[in-house]
Amino acid sequence: MTRRTVMTLFSGPTDPWSHRVRLVLAEKGIAIDVVNAEVGKLPEDLLELNPYHSLPTLVDRDLVLYDSRVIIDYLDERFPHPPLMPIDPVTRAQFRIALYRVERDWYGMAGDIQGDPQGKAAAQARKVLGEAISASAEVFRAKPFFLSDEFSLVDATIAPILWRLPFLGVELSAQAQAIAKYMHGIFARPAFRASLTEPERSMRA
Ligand SMILES: N[C@@H](CCC(=O)N[C@@H](CS)C(=O)NCC(=O)O)C(=O)O
């Protein structure tokens, strides 16, 4: 096995779960070796390290982490500045519920679309995902970030899905201007630009 001296992230170049980890790394300015990988053709050393053979996977010396949520929680604790979660227990719990729902619902539906774009499930997922995101517009009206004046792990989780909407064929309702404004702000961040791979960049030409 190759000796890795810095942290390594095995990342899918178009995978939204990998994208949120790349975004957290960029927001915190963490230097890391990003290795592009593809499920089904994973490097030999990764197959040994991660029993689920999934992306993303983070290797930090002897520590091997998989599941993007475990990875971003580790990064936020290991590199506390800037903090990407609120301090107060009630607000933390609200942010965790938001993460849970976006992971389950939005990522779930995006996965249904990407898995079989021409299928029946994809057509239904496009409609339901568009409605779900549009219905959340109110949340983005009052503050520049998700219920906050600061960028958080919730924003890092939402942004990869919003970036992919045209690519996924998902449309938002005309009433969702607050989301358009939110997207504009997030996508203009230098860290967001830095988080994008080449194929992701071309999802919004
Ligand atoms: N909950 C996981 C989901 C990641 C995921 O679904 N990754 C896909 C790549 S898009 C994968 O590795 N699939 C192969 C597998 O799980 O066997 C996470 O957050 O990391």
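Note that the structure is predicted; figures quoted are calculated from it, not measured. In listed order, ligands and their atoms are each counted from 1.
Remark: D88 does not engage R92 in a salt bridge, criterion side-chain N to carboxylate O under 4.0 Å.
Rounding to the nearest 0.5 angstrom, the gap separating the CG atom in N50 from the CZ atom in F10 is 9.5 Å. A distance of 14.0 Å separates CG in D76 from CD1 in I71, rounded to the nearest 0.5 Å.
Among I158, L75, I72, the single residue meeting the side chain to side chain contact (heavy atoms under 4.5 Å, CB included) criterion with L153 is I72. No option in W163, F192, Y107 other than F192 meets the ring pair (Phe, Tyr, Trp, His ring centres under 6.0 Å) test with H19.
For CD1 of I87, the number of neighbouring non-hydrogen atoms (other residues, nucleotides, ligands) closer than 6.0 Å is 12 at most.
Ordered by chain and residue number, the residues placing a heavy atom less than 4.0 Å from ligand 1 are D15, W17, V39, Y52, S54, L55, P56, D67, S68.
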